[in-house]
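Following: one structure in structure tokens, then a few remarks.
On a predicted model such as this, the values are computed, not experimentally measured, just so you know. We name chains A, B, ... by the order of the sequence lines, and we start the count at 1 in each one.
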There are 2 protein chains.
Amino acid sequence: MIAQLLERLNSLNPMSEELADKIISVTKTIDYPAGTYILKEGQTCTRACMIGKGLARSYYINDDKEITSRFMDEGFIITSWISYYTQKPGNEFIQAVEDCTLLCIDHADIQQVYKEFPEFNIIGRKQTEYAFYQAELRTQMLRKHTAEERYKFFIEQQPSLLQRVSLKHIATYLGMNEETLSRVRSRFHKKHSL
Amino acid sequence: MIAQLLERLNSLNPMSEELADKIISVTKTIDYPAGTYILKEGQTCTRACMIGKGLARSYYINDDKEITSRFMDEGFIITSWISYYTQKPGNEFIQAVEDCTLLCIDHADIQQVYKEFPEFNIIGRKQTEYAFYQAELRTQMLRKHTAEERYKFFIEQQPSLLQRVSLKHIATYLGMNEETLSRVRSRFHKKHSL
DNA sequence: TTTTTTGCTTGACATATGTCAAGAGTTGGA
DNA sequence: TCCAACTCTTGACATATGTCAAGCAAAAAA
């Protein structure tokens, strides 16, 4: 399964054999059964983990309510960025929605690789650029004012998620409650099946 | 004024004299009087520009209404990321709110510098990491459900902007209309002056 | 100066979304 | 198998925010 990670990084910039060996040596493969936590509120995010298999959800608690910040599936590189970047405790939970296999590298090891293999900065830069791009797309969705617009944006961008996560979680991702999502969906699909 | 840019980049990772000279050779200093446009809807964002002096606002039109996506002041490196990353036309306007002096480098030149000076990737990576971090903070604000929470978050994070931009623009930044912001402010400041 | 424009506030009312409660269908465990 | 838990839907009503309109004060223009 580590081949998947190497391929992902290679596609950003070809790695030397030494660099690939180094990555292999610092990567830990860890399984998280559905429902278990990859990161909890109050912890510092000290790793970046690529999802080899499965699907995870990050969320935090605001006013006693869960707010889903993103869904992550195969190939996604998980971090709780604010906590990872600052290396301070954060407020996000990251939970396995399906059984997950993760390929994890410690923050300290990544910094070490940046030093030892300066060309790894190319990969780090491109991955961060891509993650930033994805985050900006999610933010565009959040800025839509009506519930229906946000739902429309969601099914256009990530339709496959509809099959993999509960509507309850999609609702908190889209900034509305479960009942509103249900009503929006019934209106929306009535309108689009005419 | 280019010294400001060099200092900013140096603080991310010290640059060799050759690299600094290269940066100087590809940087263009451009003035934008208040009200003029740095980027318009439909254009591709082909530059990254540090603000040497002044303040700018990016926004786009949704449903005939302006939605402010961010405010940028001294030291901020302006891009319209989705357009810059994809090198395709985007939907954002970037407008000078105050008279601005910008230090601009073309996307193509930046790619060239990445190739010629691999160590510049360290700077690119760190700058992107920081921009991503800032974007995540803005996104946290957007996920607050009530208008008052979003306003509270705003005055905690960027109180100085209150003096520099109109409430109309702050309102569209916070995802509410002008009248709502006015009411939120009067309630909020009454509450906090007791 | 006077006039016009802009920025902000306030009121009355409309509407979208949230809240609370109930119920139907499904899944999973005992 | 039955029961409990969970997911999703629907209804009635409450509330936050949006819309439209008016007005005041300060700034800019004439």
Side-chain angles (χ1 to χ4, degrees), chain A residues 33-36 55 57 59 61-68 71 95-99 141-155 159 161-193, chain B residues 33-36 55 57 59 61-68 71 95-99 141-155 159 161-193:
Chain A
T36 59
L55 189 150
R57 172 179 80 101
Y59 67 92
I61 308 286
N62 185 267
D63 235 358
D64 291 334
K65 284 178 192 162
E66 287 185 10
I67 295 183
T68 298
F71 297 107
Q95 186 181 32
V97 171
E98 304 171 355
D99 293 343
M141 180 277 289
L142 282 181
R143 288 189 193 278
K144 306 275 179 188
H145 285 333
T146 70
E148 180 167 337
E149 280 182 302
R150 294 198 296 279
Y151 178 68
K152 184 162 175 285
F153 194 95
F154 176 76
I155 57 171
L161 283 182
L162 266 183
Q163 320 306 326
R164 297 179 78 179
V165 298
S166 69
L167 292 177
K168 176 172 63 173
H169 291 153
I170 292 176
T172 71
Y173 178 66
L174 298 178
M176 64 189 79
N177 64 20
E178 207 183 339
E179 295 93 327
T180 298
L181 177 58
S182 180
R183 285 183 250 261
V184 165
R185 276 164 56 83
S186 81
R187 256 184 283 148
F188 186 87
H189 291 121
K190 196 174 296 173
K191 198 190 293 182
H192 289 77
S193 64
Chain B
T36 59
L55 188 149
R57 171 179 82 100
Y59 67 94
I61 308 286
N62 185 263
D63 235 359
D64 292 333
K65 282 177 191 162
E66 288 186 8
I67 296 183
T68 298
F71 297 108
Q95 187 181 32
V97 172
E98 304 170 356
D99 293 342
M141 180 277 289
L142 283 181
R143 289 189 193 278
K144 306 274 179 187
H145 285 331
T146 69
E148 180 167 338
E149 279 182 302
R150 294 198 296 281
Y151 178 68
K152 184 163 175 283
F153 194 95
F154 176 76
I155 56 170
L161 285 181
L162 266 182
Q163 319 305 326
R164 298 179 78 178
V165 297
S166 70
L167 292 176
K168 176 172 62 174
H169 291 154
I170 293 176
T172 72
Y173 178 67
L174 298 179
M176 65 189 79
N177 64 20
E178 207 183 338
E179 295 94 326
T180 299
L181 177 58
S182 180
R183 285 184 250 262
V184 164
R185 276 166 55 82
S186 82
R187 256 183 282 148
F188 186 87
H189 291 120
K190 194 175 296 173
K191 199 190 290 183
H192 289 77
S193 64

Per the under-4.0 Å heavy-atom filter, residues of residues 169-182 of chain B near DNA chain D come out as B:G175, B:M176, B:N177, B:E179, B:T180
With a 4.5 Å cut-off on side-chain heavy atoms, are [Y] and [X] touching?
| X | Y | result |
| --- | --- | --- |
| B:I67 | A:H145 | yes |
| A:I155 | A:L161 | no |
| B:T68 | B:L174 | no |
| A:T172 | A:Y59 | no |

For [X], all residues meeting salt bridge (Lys or Arg N to Asp or Glu O under 4.0 Å), sequence neighbours excluded:
| X | answer |
| --- | --- |
| A:E98 | A:R164 |
| A:E66 | A:R57 |
| A:K152 | A:E156 |

Open item on the list: List the residues meeting side-chain contact (heavy atoms from CB on, under 4.5 Å) with B:K144, not counting sequence neighbours, and say none if there are none.
Closed with: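 Expected list: A:N62, B:E149, B:R150, B:F153.
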Partners meeting side-chain contact (heavy atoms from CB on, under 4.5 Å) with A:A171 (sequence neighbours left out):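 Counting only residues at least two positions away or on another chain, A:A171 forms a side-chain contact (heavy atoms from CB on, under 4.5 Å) with A:M176, A:L181.
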In the 5' to 3' direction, the nucleotides of DNA chain D bounding the stretch that comes under 4.0 Å of a heavy atom in chain B are D:dT17 to D:dA21
Counting primed atoms, P, OP1 and OP2 as sugar-phosphate and everything else as base, the B/S/- map of nucleotides 25-30 of chain C against protein heavy atoms under 4.0 Å is ------
In short, the helix from C:dT1-D:dA30 to C:dA30-D:dT1 is bent end to end, axes from five pairs each side, to 10°, by 40°
task: Would you mind telling me which residue lines up with the more 5' stretch of DNA chain C, B:R183 or B:L167, judged by nearest nucleotide?
output: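 Its nearest nucleotide lies further toward 5', so the answer is B:L167.
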Name all residues meeting the side chain to side chain donor-acceptor pair (under 3.5 Å) criterion together with [X]; count only those two or more places apart in sequence or in a different chain, and write none if there are none.
| X | answer |
| --- | --- |
| B:T36 | none |
| B:R185 | B:Y151 |
| B:E179 | none |

Atom CZ of B:R164 and atom P of C:dG7 are separated, to the nearest Å, by 17 Å
Examine distances only and state if a side-chain atom of A:D99 and a backbone atom of A:A34 form a donor-acceptor pair shorter than 3.5 Å. yes
